[in-house]
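Keep in mind that the numbers below use all heavy atoms, side chains included, and drop hydrogens, waters and symmetry copies.
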Amino acid sequence: MEGNILIADDNKGILNALQLLLNKSFSHIGLLPNPNLLLQELEKKDYDILLLDMNFKAGINTGNEGIYWLREVKKKHPNLEVIMITAYGDIELAVKALKEGAADFVLKPWDNNKLMATIQSVYRLRKSGREIARLKSRENQIKSEAVRYDPVVTGKSQAMKSIMQVVSKVAATEANVLITGENGTGKEVIAKEIHRISGRSSEMFVLVDLSALTETLFESELFGHKKGSFTNAFEDKTGRFLVADKGTLFLDEIGNIPLHMQSKLLTVLQTRKISPVGSTSDIPIDIRLVSATNKGLSQMVSAGQFRQDLLYRLNTIQIHIPPLRERPEDIEDLANHFLKIYENRYDKTGLKIGEDALERLRSNPWPGNIRQLQHTIEKAVILAENPVLRASDFFPGNDETSSPVTAVTLDDMEKKMIQNALVRNAWNQTAAAEQLGITRQTLYNKIKKYGL
């Protein structure tokens, strides 16, 4: 057997005898002659079974000490399996111990075979309980992580056709995929499509926005934690890696991981095992990894900001999605796709995008890419007063027939857009980021970049 067992008995001869008996059955055996150290020892290591003596003080055979420590242990570690040991075959005492949460009850002197059978039975119970708890935790996470697949609209441009050819090939493999491109280009859509047509499609697709994770929550969110492992850890938490077991894990904004955290991620990807915060046991995982970033990871490697060995792990296959301004032939299909979505959402039917509006949409530079186009369509549908949407519905305040301004750079336009969003939202960065369709961390980086 694997597992950890703790034996608490004031008789050193019994401790030594049990250690010899169980030495080949458990990976770790803890010995305690003094029950006052019991709770401290249980905080140090994750034990599966506790063999607990009923009586510790000489001349006192009531079993009250054992019952007291059983209660104290169960308060702190309710899932720990406890087997009580006593030299006095008092049935009432045995029943009392079982009512207080003991898993079983053995008498001194014991028969080795019977003792081993009892311990093995309790250990199987412990493993079953852990598996049930893990599955319940994973079920709760799955409910919150459930992904609704919208129809994938990628466009008719040659660039997107080539990308989808690569997607169809790589989806059939287990290769790690790194998706690159500017914010809003559809990296998440491509990641979901890889999962949808892969052999893991019946399992979970779990998205983790790494830019939204603080350093203090990084390990807990990705790998999980045990109850009491840190302040406010009131219950066990299943990490995203384990939720994605047998499925696909999508790590978005992978370039935002702090350097010292990258080594921990690399270790997990190499060993395919995780260790929840506060646990001493490793848990094997089986995931398909897809990552995405809008940053130049190779340049970050050269600058010492990203580990080269981690980059090699991530980009077995790299897919680059060009910005929308480089594939204007995709805009009409995307615009009509979003038009149908928001017609249904806002209970408006029969809307159509006029030719003048399509021309303006195709010629707009779209610094926010598909995400900006999507929000523009949504706003036009909400405010639409006529069945045919004109250019003024998408670009209010501008002359419908005028061409987009080209005298300014894309950075100038992006800066102005961010500044306007911040002003409209009273400099509430969370609200402004949501309106712009970017993460709060990305908005923060842009504010620094443009000195706003």
Check your understanding: Can the ring centroids of Tyr47 and His77 be said to lie less than 6.0 angstrom from one another?
Key -> no
Review point. Does the side-chain contact (heavy atoms from CB on, under 4.5 Å) test come out yes or no for Tyr68 and Leu70, once each step is laid out?
Key: CA-CA 5 Å; Tyr68 168 79; Leu70 172 63; over 6 Å; no
Check your understanding: Closest heavy-atom contact between His260 and Ser263?
Key -> O-OG, 3.2 Å
Point to revise | Point-to-point distance, once rounded to the nearest 0.5 Å, from NZ of Lys446 to CD1 of Ile418 | key: 6.0 Å
Review point. Any sub-3.5 Å donor-acceptor pair from Asp209's side-chain atoms to Ser211's backbone N or O?
Key: yes
Review point. Which word best sums up how the rings of Tyr123 and Phe26 line up, parallel for under 30°, tilted for 30 to 60°, or perpendicular for over 60°?
Key: perpendicular
Check your understanding: What's the spacing between Asn336 CG and Leu351 CG if we round to 0.5 Å?
Key -> 11.0 Å
Exercise for review: List the steps, then state whether side-chain hydrogen bond (donor to acceptor under 3.5 Å, both in side chains) holds for Ser157 with Asp330.
Suggested key: CA-CA 6 Å; Ser157 66; Asp330 294 338; 2.7 Å; yes
Exercise for review: Check the side chains of Thr439 and Thr442 for a donor-acceptor pair under 3.5 angstrom, ignoring hydrogens and angles.
Suggested key: yes
Practice item. I would like to know whether Gln318 and Asn315 meet side-chain contact (heavy atoms from CB on, under 4.5 Å); could you show each step before the answer? Key: CA-CA 5 Å; Gln318 183 170 337; Asn315 71 340; 3.7 Å; yes
Check your understanding: Is the number of heavy atoms from other residues, nucleotides or ligands under 6.0 Å of Glu434 CD greater than 12?
Key -> no
**Study point:** Separation of Glu41 CD from Leu6 CG (nearest 0.5 Å)
**Key:** 5.5 Å
Review point. Glu193 and Arg196: salt bridge (Lys or Arg N to Asp or Glu O under 4.0 Å), yes or no, with the steps?
Key: CA-CA 5 Å; Glu193 183 65 3; Arg196 189 185 70 82; 2.8 Å; yes
Review point. Can Arg390 and Asp356 be counted as an ion pair, charged N to O under 4.0 angstrom?
Key: yes
Practice item. State whether the side chain of Asn344 and the backbone N or O of Lys340 hold a donor-acceptor pair below 3.5 Å, judged by distance alone. Key: yes
Exercise for review: Determine whether more than 12 heavy atoms belonging to other residues, nucleotides or ligands lie under 6.0 Å from atom NZ of Lys348.
Suggested key: yes
Exercise for review: Answer whether the closest heavy-atom distance between the side chains of Phe394 and Ile353 falls below 4.5 Å.
Suggested key: yes
**Study point:** Arg200 and Asp286 ion-paired at < 4.0 Å
**Key:** yes
Check your understanding: How about Asn4 and Asp48: does a side-chain donor come under 3.5 Å of a side-chain acceptor?
Key -> no
**Study point:** Candidate pair Val243 and Leu249, rule side-chain contact (heavy atoms from CB on, under 4.5 Å), full reasoning
**Key:** CA-CA 9 Å; Val243 174; Leu249 181 67; over 6 Å; no
Review point. Does the Arg288 side chain pair with the main chain of Thr173, one donor and one acceptor, at a distance under 3.5 Å?
Key: yes
Review point. Would you call Thr316 and Val177 a side-chain contact if the rule is heavy atoms closer than 4.5 Å?
Key: no
Practice item. Specify the closest pair of heavy atoms between Ala391 and Ala357, including all atoms of both residues, with the distance to one decimal. Key: N-CB, 3.6 Å
Check your understanding: Quick one: does Trp69's side chain have a donor or acceptor within less than 3.5 Å of a partner on Ala8's backbone?
Key -> no
Check your understanding: Quick check: does any side chain N or O of Thr376 sit under 3.5 Å from a backbone N or O of Gln372, one acting as donor and the other as acceptor?
Key -> yes
Practice item. Would you check if Ile382 and Arg345 make a side-chain contact, meaning some heavy-atom pair closer than 4.5 Å? Key: no
Check your understanding: Is the closest side-chain heavy-atom distance between Ile321 and Asn369 below 4.5 Å?
Key -> no
Exercise for review: Could you tell me which non-hydrogen atom of Asn256 sits nearest to which non-hydrogen atom of Gln441, and how far apart they are?
Suggested key: ND2-CG, 3.4 Å
**Study point:** Nearest-0.5 Å distance, CG of residue Leu265 to CZ of residue Arg307
**Key:** 10.0 Å
Point to revise | Lys74 side chain reached by Val82 side chain, heavy atoms, under 4.5 Å | key: yes
Point to revise | Main-chain N/O of Ala117 paired to Ser121 side chain as donor or acceptor, under 3.5 Å | key: no
**Study point:** Thr248 and Ile194, any side-chain heavy atoms less than 4.5 Å apart
**Key:** no
Practice item. Quick one: closest heavy-atom pair of Leu373 and Ala335, and the distance? Key: CD2-N, 4.3 Å
Review point. Does Val290 reach the side chain of Asn176, with side-chain heavy atoms less than 4.5 Å apart?
Key: no
Exercise for review: Look only at the side chain of Thr293 and the backbone of Glu253, and say whether a donor-acceptor pair between them is shorter than 3.5 Å.
Suggested key: no
**Study point:** Reported OG1-to-CG distance for the pair Thr180 and Leu297, which is rounded to 0.5 angstrom
**Key:** 8.5 Å
Exercise for review: Look up atom CG in Leu266 and atom OH in Tyr312, then write down how far apart they are to the nearest 0.5 Å.
Suggested key: 12.5 Å
Check your understanding: How far apart are the closest heavy atoms of Glu182 and Pro323, and which atoms are they?
Key -> OE1-CB, 3.7 Å
Point to revise | Sidechain-backbone polar pair: His195 side chain, Glu203 backbone, donor-acceptor under 3.5 Å | key: yes
Review point. When you check the gap from the basic side-chain N to the acidic O, do Arg360 and Glu355 get nearer than 4.0 Å?
Key: no
Exercise for review: Flag the pair Leu310 / Leu269 as yes when at least one side-chain heavy-atom distance between them is below 4.5 Å, and no otherwise.
Suggested key: yes
Point to revise | Glu378 side-chain N/O to Tyr342 backbone N/O, donor-acceptor pair under 3.5 Å | key: no
Point to revise | Pair Lys264 + Glu219: basic N to acidic O under 4.0 Å | key: yes
Point to revise | SB check Arg71 Glu100 (cutoff 4.0 Å) | key: yes
**Study point:** Donor-acceptor pair, side chain of His225 and main chain of Gly278, under 3.5 angstrom
**Key:** no
Practice item. Using a strict 4.0 Å threshold on nitrogen-to-oxygen distance, state whether Arg362 and Glu359 make a salt bridge. Key: yes
Practice item. Given side-chain contact (heavy atoms from CB on, under 4.5 Å), test Leu178 with Ile317 step by step and report yes or no. Key: CA-CA 6 Å; Leu178 176 64; Ile317 299 292; over 6 Å; no
Point to revise | Asp333/Arg327 salt bridge by N-O under 4.0 Å criterion | key: no
Practice item. Would you name the heavy atoms of Phe105 and Ala97 that are closest together and state the gap between them? Key: CD1-CB, 4.4 Å
Practice item. Evaluate whether atom NZ of Lys76 has more than 12 neighbouring non-hydrogen atoms of other residues, nucleotides or ligands under 6.0 angstrom away. Key: no
